[in-house]
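Convention: sequence-line order gives letters A, B, ...; per-chain numbering from 1. Not measured: the values here are computed from a predicted model. All heavy atoms count here, side chains included; hydrogens, waters and symmetry mates do not.
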Amino acid sequence: MQKKLPLSFYRRDVHTVARELLGKIFIKKEKNGILSGKIVEVEAYDGRIDRAAHSYNGKTKRNEVMFLGGGLLYVYFTYGMHYCANVVTGGEGDGCAVLIRALEPLEGIDRMAMNRFGKTAIGEREKLSLTNGPAKFCKAFDIDKNYNGLLLTEDIIFIVEGDNLIPGEIVASKRIGIKKSADLEWRYFIKNNRYVSRL
DNA sequence: CCACGGATTGGCT
DNA sequence: GCCAATCCGTGGA
């Protein structure tokens, strides 16, 4: 097993971290085994200048984890039924985070299938939609508010080295599903990867 | 106190 | 492509 990314990886510029997270392996250790996947799509949020960021209007109970500094997991609940997970970046007080939008499933696919569809026998179409969206990935990995504020250098949820991408493999585009600061091209994804949520 | 709407998804037309 | 589902944080009265 590869070494966990250190705190210093996360405590940098949010766009640098967002781009470098692509190709890396997101891992959750459970009693029954490991769930893992390659990160293929992310979005950057910067509360200092970005009106779409939850942290834009300052610290609240919901977003406080975003202000605690790089290396924490920020999990929020939305639309009355979905969780989404972010990696906090930068320094304390910055209010920056990278939303994990999609993974390519690697280990524990049967358990992801159970979490998403309630069965292990899935076809190609279902496999492709296991983790190709921020709430789908949280459902597959059974990530909810209990994981909010978790330190990514602990032995529960963490990220390790994976594929080394060349700049030409990374595409930047507008972020999905937001109305404010909608023109910023702060979504990054791996070109031609089948598990990206949308083109 | 109350109303609004959201970093989404899946089902139906 | 359109829209309902379903909570709760947030902001205004």
In whole Å, what separates the P atom of C:dA4 from that of B:dC4? 16 Å
B:dG5 and C:dC3, which share atom name C1', separated by this distance in whole Å: 15 Å
With DNA chain B as reference, determine whether A:Phe117 or A:Ser55 sits nearer its 5' end, using the nearest nucleotide of each. A:Ser55
Using heavy atoms to find the nearest nucleotide of DNA chain B for A:Lys136 and A:Lys179 separately, return the residue whose nucleotide is more 5′. A:Lys179
So that I can compare with my own list, what are the stems of DNA chain C, taken as at least three consecutive Watson-Crick or G-U pairs with distances under 3.5 Å? B:1-6 with C:7-12, B:8-12 with C:1-5
Rounded off to whole Å, could you give me the [atom1]-to-[atom2] distance for the [X] and [N] pair?
| X | N | atom1 | atom2 | answer |
| --- | --- | --- | --- | --- |
| A:Glu126 | B:dG10 | CD | P | 11 Å |
| A:Met81 | C:dA4 | CE | C1' | 8 Å |
| A:Phe137 | B:dT8 | CZ | P | 14 Å |
| A:Leu130 | B:dT9 | CG | P | 13 Å |
| A:His82 | C:dC7 | NE2 | P | 12 Å |
| A:Arg187 | B:dA7 | CZ | P | 16 Å |
| A:Lys139 | B:dT8 | NZ | C1' | 13 Å |
| A:Arg51 | B:dG6 | CZ | C1' | 15 Å |

Greater than 12 external heavy atoms within 6.0 Å of A:Glu126's CD: yes
In terms of side-chain heavy atoms of A:Leu99, which of B:dA7, B:dG10, C:dT6 is nearest? B:dA7
Cation-pi check, A:Arg12 to A:Phe9: give yes when NZ or CZ is under 6.0 Å from the six-membered ring centre and within 45° of the ring axis, no otherwise. yes
Taking N or O atoms only and anything under 3.5 Å, show me the protein contacts with nucleotides 8-13 of chain C, one pair per line.
from	atom 1	to	atom 2	distance (Å)
C:dT10	OP1	A:Thr60	OG1	2.1

Of A:Glu41, A:Glu185, A:Glu43, A:Arg187, the residue whose pairing with A:Ser173 passes side-chain hydrogen bond (donor to acceptor under 3.5 Å, both in side chains): A:Arg187
With the criterion set at under 5.5 Å between ring centres and under 30 degrees between planes, would C:dA5 be stacked on A:Tyr79? no
Under 4.0 angstrom between A:Arg116 side-chain N/O and B:dG10 OP1 or OP2: yes
Does a side-chain N or O of A:Lys180 approach OP1 or OP2 of B:dG6 to a distance below 4.0 Å, or not? no
Does A:Tyr76 get its side chain close enough to the base of B:dA7, under 3.5 Å, for a donor-acceptor pair? yes
Salt bridge or not for [X] and [Y], using N-O below 4.0 Å?
| X | Y | value |
| --- | --- | --- |
| A:Asp155 | A:Lys4 | yes |
| A:Glu30 | A:Arg111 | yes |
| A:Asp50 | A:Arg175 | yes |

Any chance you could measure A:Thr153, atom OG1, to A:Leu5, atom CG, to the nearest 0.5 Å? 10.5 Å
Could you note down all residue pairs passing side-chain hydrogen bond (donor to acceptor under 3.5 Å, both in side chains) where residues 74-87 of chain A supplies at least one of them, sequence neighbours left out? A:His54-A:Tyr74
Any base atoms under 4.0 Å from A:Ala52, or only sugar-phosphate, or nothing? Heavy atoms, all strands. base
Distance flag, aromatic centroids of A:Phe158 and A:Phe26, threshold under 6.0 Å: no
Using only atom types and a distance under 3.5 Å, with no angle test, would you say the side chain of A:Asp94 pairs donor to acceptor with the backbone of A:Gly91? yes
